[in-house]
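Protein chains get the first letters and strands the later ones, always in sequence-line order, with residue 1 at the start of each. It should be emphasised that the depicted structure is a prediction, and the values quoted were computed from it without experimental measurement. All values below come from the heavy atoms of this structure, side chains included, with hydrogens, waters and symmetry mates left out.
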There are 2 protein chains.
Amino acid sequence: MATPRKKAAPADKGTRQRLIEATAKVMRDEGYAAATSRRIATEAGVKQALVYYYFPSMDDLFVEVLRAGAEVSLERMREALTDDDPLMTLWKLNSDPRMTTLNTEFMALANHRKAIRAELKSFAERVRDIEAAAVAVALRARGLDLDDHPPVAISMLIAQIARSLCNEEAVGVTLGHRELREFVERRLKLLAMPPADA
Amino acid sequence: MATPRKKAAPADKGTRQRLIEATAKVMRDEGYAAATSRRIATEAGVKQALVYYYFPSMDDLFVEVLRAGAEVSLERMREALTDDDPLMTLWKLNSDPRMTTLNTEFMALANHRKAIRAELKSFAERVRDIEAAAVAVALRARGLDLDDHPPVAISMLIAQIARSLCNEEAVGVTLGHRELREFVERRLKLLAMPPADA
DNA sequence: GTCTATAATGCGATAGAC
DNA sequence: GTCTATCGCATTATAGAC
């Protein structure tokens, strides 16, 4: 009685949405090269030709997958970074391994496909703006000189290190991870305290 | 008169070596999905079936490409990190964009292929050991407490940030790069100076 | 909106001649 | 060591029925 939809096929979601999610799943599990129209259609429980009813080409589908993931990430960032310890939140958010593998696939794709490169760039820059703004607030609150500590640099430092650790973990590399995590977290805790120097 | 080889086909290199280089080129230019036996054979100036004379399967070929690149990188590291400013050298070496795209391809591949994951892990850990050792020497020379500054953490910090910047640049993202580069380089210069705190 | 069927191409891998 | 030829299957994309 809650959803005024038509008749709810496999999970009440529209076919288009299911195709996007199926693509993300296949890319995550087997890589972008395995994300073929047939493989995706099977995953979504429809026939191959239907993919081309919803998306003009496979590349268009990939872009939609990226866009959908980006919106979710951006929303998660926006609400999390307004809390009382934005630096630690930034670190934790970027340490979330859920989007790691998919991100790597899109980085690889972006190196070779113009449409995906453009979409990824736009996404990355929107994220960076949000993160840098939150870091600026945090640094100012601690009385730090923003010329010595450019917020965008600090936010990149935190976010990129967190992501690097996730990327490595995803392929089984963990040497030095404990040391680096502890080092960063020690620094972040120092920064969260009253004033001082840093 | 210098090379006691047979007769020098397209560039005097052995066919096997040419296949490895052709594979690297195709992966760099068009991504791992484009690195098919036919595409590679054409690039190397031989016929498709010959690829299977030298390599049992495409995956074996990919592993050899990774291995070859790894040896070159390792050698470059070993000789560079013995100089007088290892921290800055580490930063500069990892800022070299030459291997960036290929690295991204192998990261993506490693997420889905066991043989490549194992090879990449072994390579990453050998690099890390070399880099951490060099950083340990540098930090000790500056009189820093290695418990507060674990060499492996510092070396990862420097190397991973440099690589992140390259990865982003490769897809056209440059927002905040200048600020972060300057921030890191300022820090590295401070560390290269006499004693002090940090 | 979803299907069947198909065109045109490309793939990994093998067999076997030279 | 390099080739030609081929098997069996997957691919993107389109045409057209329902």
Side-chain angles (χ1 to χ4, degrees), chain A residues 3-23 25-27 29-65 105 108-109 112-116, chain B residues 3-27 29-66 105 108-109 112-116:
Chain A
T3 49
R5 292 298 183 75
K6 248 174 132 170
K7 58 172 179 168
D12 194 30
K13 282 173 206 152
T15 300
R16 187 190 149 91
Q17 184 59 27
R18 286 216 319 287
L19 285 171
I20 290 176
E21 287 169 17
T23 307
K25 175 165 165 48
V26 173
M27 287 178 75
D29 294 349
E30 304 170 47
Y32 71 78
T36 66
S37 56
R38 281 175 161 78
R39 184 78 188 66
I40 288 163
T42 302
E43 191 75 29
V46 296
K47 297 296 173 180
Q48 181 253 349
L50 198 56
V51 173
Y52 291 91
Y53 172 79
Y54 286 100
F55 306 95
S57 76
M58 293 304 293
D59 258 37
D60 292 280
L61 171 51
F62 289 152
V63 169
E64 291 305 308
V65 172
E105 293 299 321
L109 268 177
H112 312 292
R113 310 215 193 172
K114 221 168 40 178
I116 288 165
Chain B
T3 49
R5 293 295 180 79
K6 247 171 127 171
K7 59 172 181 170
D12 194 32
K13 283 174 206 149
T15 300
R16 187 191 149 91
Q17 184 59 27
R18 285 216 320 286
L19 285 171
I20 289 175
E21 287 169 16
T23 306
K25 174 166 165 51
V26 173
M27 287 179 74
D29 295 349
E30 304 171 47
Y32 70 78
T36 67
S37 58
R38 285 173 165 79
R39 183 77 187 66
I40 288 163
T42 302
E43 190 75 32
V46 297
K47 297 296 173 179
Q48 182 253 351
L50 197 57
V51 173
Y52 292 90
Y53 172 79
Y54 285 100
F55 307 95
S57 75
M58 293 305 292
D59 257 37
D60 292 280
L61 171 53
F62 289 151
V63 168
E64 290 305 308
V65 172
L66 176 52
E105 294 299 322
L109 267 177
H112 312 292
R113 310 217 192 170
K114 221 167 42 176
I116 289 164

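- Annotation: side-chain contact (heavy atoms from CB on, under 4.5 Å) contacts of B:Asp59 (sequence neighbours excluded): B:Ser57, B:Phe62, B:Arg113.
- Under the side-chain contact (heavy atoms from CB on, under 4.5 Å) rule, A:Met58 has a single partner from A:Thr36, A:Val63, A:Val51, which is A:Val51.
- In the set D:dA13, C:dC11, C:dC3, D:dA13 carries the atom at the smallest distance from any side-chain atom of A:Tyr52.
- In this structure, B:Val51 reaches neither bases nor backbone, as no heavy-atom distance under 4.0 Å exists between it and the strands shown.
- Distances shorter than 4.0 Å separate some side-chain N or O of A:Tyr54 from OP1 or OP2 on C:dT2.
- In this structure, of D:dT11, C:dC3, C:dC11, it is C:dC11 that holds the atom nearest to the side chain of B:Thr36.
- Between A:Ser57 and the phosphate of D:dT12, there is no side-chain N or O to OP1/OP2 separation shorter than 4.0 Å.
- Closest non-hydrogen pair, A:Ala35 versus A:Thr23, comes out as CB-CG2, 4.5 Å.
- Comment: A:Arg39 engages A:Glu43 in a salt bridge, judged by a side-chain N to carboxylate O separation of less than 4.0 angstrom.
- When the nucleotides D:dT12, D:dT4, C:dG12 are ranked by their closest atom to the side chain of B:Gln48, C:dG12 comes out on top.
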Is there a side-chain contact (heavy atoms from CB on, under 4.5 Å) between A:Gln17 and A:Glu21 once you walk through the steps?
CA-CA 6 Å; A:Gln17 184 59 27; A:Glu21 287 169 17; 3.0 Å; yes
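- With rounding to whole Å, A:Phe55 atom CZ is found 15 Å from C:dT2 atom C1'.
- Each end of the helix from C:dG1-D:dC18 to C:dC18-D:dG1 yields a helix axis from five base pairs, and these two axes differ in direction by 0° (to the nearest 10 degrees).
- A:Tyr53 places its OH atom 17 Å from the P atom of C:dT4, with the value rounded to the nearest Å.
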